[in-house]
Asker: 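Just dropping this structure here.
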Amino acid sequence: MDGQVASDERLSRYRERELIEGAQRGCGESAHRLVDAYQHRLHAFVWRMVRDRHDAEEVCQDAFLRAFQALEQFDFAYRFSTWLYTIAYRLCLNLLRRRREYSGDVDLSMASSSGPGDRESGVVDAIADSDEARRLKKVIWESVDHLTPQQRATVLLFYREALSCQEIGGILDMPAATVKSHLHRARSRLREMLSSELVDDWSVVLCRQAGSVA
Amino acid sequence: MFMTCRHIRQLHDAYVDGELSGSLKAEVHAHLLQCPECQRRVETIRACGDVIAGDRSEPVLDSGFATRVVAALQKVSPPEAPTLETRRARRRRLWRMGLGAILPAAAAALFFCVLIWPPMEQEIGPKVVAGKAVSGVEDVVNPALDAVADTREAAENLNHLFRVSVDQAHEQVLRASEEQARKLAEARLDQGYKPGVTVWDVLFEPLTDLLEPPPQPVEDPAQEEVVRF
């Protein structure tokens with residue numbers, strides 16, 4: 001399944017509520033639908049956080065189980081995804097903390113060497129499928145790996161999930177102003193880490209993409 | 001207003017996020033057109049955002065994941081509650097625990113203070129709360145003042161009786177303690193104790209005898225008269 005692009009079905013608020021109420025009554029089919037709807041988005045987030053496939057799957061399963069077990073306490077004012085991401089984020093932090101205790105410091109850039117960036121096939125380029133694009137994406141993801149867990153989670157939720165700082169603050173258990181600060185620092189660090197050639201190369205990629213579309 | 005690169009760079013994030021107002025956005029845009037360095041910085045962040053948002057190169061879960069989760073959910077006993085606790089919740093819990101420890105400690109400290117603190121002398125008699133009667137209301141106030149005065153007199157009498165009885169009790173206690181002390185001293189004398197002799201006197205008695213000068217012979221009073229001037 002490596003390299004397969006999986007996209008989750010986006011549920012409407014009404015449908016989501018129906019499924020949650022079904023899962024609260026113990027309906028396995030509703031729980032199955034909810035897992036189907038969020039598993040790939042959640043897994044992508046968790047994998048970016050922990051950078052290990054086995055750990056990511058374990059965290060995802062644990063997050064779903066905990067979410068379903070505590071479903072009676074679920075507040076319908078929030079989205080199920082927020083509830084799920086909150087649990088998964090705490091589990092990721094616990095995992096990273098345990099890793100740090102065992103190995104001193106966490107270097108996710110080492111983990112990325114066995115990640116999908118090095119796979120010969122299966123890299124789906126959203127912007128352009130070329131050597132330059134692949135290289136630049138690899139450089140960018142490696143820079144993201146060097147961010148702190150809070151900064152990384154903020155960047156992922158902001159760009160990937162398109163959540164507001166307020167919503168991210170709800171997940172990371174911090175005020176929206178702190179989220180904004182994490183986002184600003186993450187961008188500054190990314191700017192520092194990425195070489196100046198990046199923009200030139202990126203311009204080339206965009207130009208080629210524009211040419212291929214035309 | 002002319003804005004330098006330093007000013008513009010503070011607005012880069014807001015510009016990229018589309019949070020700037022029309023005029024400010026136009027000003028930053030105009031600056032970017034003529035400043036390659038600022039343009040480079042903005043494009044770097046845009047490139048990062050594009051890749052993070054659009055790249056789907058993560059490994060995906062296999063198709064049996066949802067089935068495994070549901071199967072595991074049915075195995076897990078329902079009463080098991082999640083143990084996830086946010087930092088805020090933990091802070092609140094610790095604060096409650098702290099209060100739970102501090103409040104009984106404070107109550108205990110207050111209790112001991114009340115026990116140890118010397119009792120303050122309090123005036124038992126009631127206080128007169130009314131002053132001189134105002135003209136026109138004497139008929140109402142005077143009986144009330146009389147009643148207060150009567151009450152005060154009664155309280156003073158009670159207070160006096162109480163003090164007398166306390167003094168008598170105190171004297172009896174003193175007499176009893178003196179009597180007991182006297183009996184104890186007699187008992188000690190009967191057992192061979194010498195009054196005014198301490199333990200040190202008994203221990204150092206042989207040494208004291210050695211150091212004591214020998215008794216002088218009694219001189220003849222006649223000779224004494226001779227020697228005397």
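Lettering of chains follows the sequences in order, A, B, ..., and the numbering in each one begins at 1.
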Asker: Select all residues of residues 15-22 of chain B having any heavy atom within less than 4.5 Å of some heavy atom of chain A, and report them by number, or 'none'.
Answerer: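 Near chain A, by residue number: Val16(B), Asp17(B), Glu19(B).
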
Asker: Val70(B) versus chain A, heavy atoms under 4.5 Å apart: side chain, backbone, both or neither?
Answerer: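 Only the side chain of Val70(B) comes within 4.5 Å of chain A.
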
Asker: Take a 6.0 Å sphere around NE2 of His184(A) and say whether it holds more than 12 heavy atoms from other residues, nucleotides or ligands.
Answerer: no

Asker: If you measure from CG on Leu194(A) to CD1 on Ile45(B), what distance do you get to the nearest 0.5 Å?
Answerer: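 Separation between the atoms: 7.5 Å.
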
Asker: To the nearest 0.5 Å, how far apart are CZ in Arg41(B) and CZ in Arg187(A)?
Answerer: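 Rounded to the nearest 0.5 Å, the CZ-CZ separation comes to 12.5 Å.
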
Asker: Might you point out which heavy atoms bring Leu73(B) and Ala31(A) nearest each other, and give the distance in Å?
Answerer: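 Closest approach of Leu73(B) to Ala31(A): CD2-CB, 4.4 Å.
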
Asker: Show the nearest heavy-atom pair for residues Gly28(A) and Gln74(B), with the distance to one decimal.
Answerer: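 Distance-wise, the nearest heavy atoms are CA-NE2, 4.4 Å.
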
Asker: Could you tell me whether the side chain of Ile52(B) reaches within less than 4.5 Å of the side chain of Val155(A), counting heavy atoms only?
Answerer: yes

Asker: Taking all heavy atoms of Val60(B) and all of Arg53(A), pick out the closest pair and write down the distance.
Answerer: O-NH2, 3.1 Å

Asker: Quick check for you: to the nearest 0.5 Å, what is the distance between Thr44(B) atom OG1 and Met193(A) atom CE?
Answerer: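 So the OG1 of Thr44(B) and the CE of Met193(A) are separated by 12.0 Å.
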
Asker: Supply the atom-to-atom distance Gln39(A) CD to Ser63(B) OG, rounded to the nearest 0.5 angstrom.
Answerer: 9.0 Å

Asker: For Asp62(B) and Glu57(A), what are the C-alpha separation, side-chain angles and deciding distance, and is it a side-chain contact (heavy atoms from CB on, under 4.5 Å)?
Answerer: CA-CA 10 Å; Asp62(B) 60 272; Glu57(A) 186 168 337; 4.0 Å; yes

Asker: Table please: side-chain donor-acceptor pairs of residues 162-170 of chain A below 3.5 Å, with sequence neighbours left out.
Answerer:
from: Ser164(A); atom 1: OG; to: Glu167(A); atom 2: N; distance (Å): 3.2
from: Ser164(A); atom 1: OG; to: Glu167(A); atom 2: OE1; distance (Å): 3.3
from: Glu167(A); atom 1: OE1; to: Ser164(A); atom 2: N; distance (Å): 2.9

Asker: For Arg68(B), look at atom CZ and say whether over 12 heavy atoms of other residues, nucleotides or ligands are found less than 6.0 Å away.
Answerer: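 Yes.
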
Asker: Looking only at heavy atoms, which two atoms of Tyr159(A) and Ala53(B) are closest? And how far apart?
Answerer: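 Looks like O-CB, 3.4 Å.
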
Asker: On a heavy-atom basis, which atom in Leu61(B) and which in His43(A) lie closest, and how many Å separate them?
Answerer: CD2-CD2, 3.4 Å

Asker: Any idea which heavy atoms bring Glu58(B) and Trp47(A) closest together, and the distance?
Answerer: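 So the two residues come closest at CG-CE3, 3.6 Å.
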
Asker: List the steps, then state whether side-chain contact (heavy atoms from CB on, under 4.5 Å) holds for Arg56(B) with Arg160(A).
Answerer: CA-CA 10 Å; Arg56(B) 294 285 187 273; Arg160(A) 180 65 67 90; 3.1 Å; yes

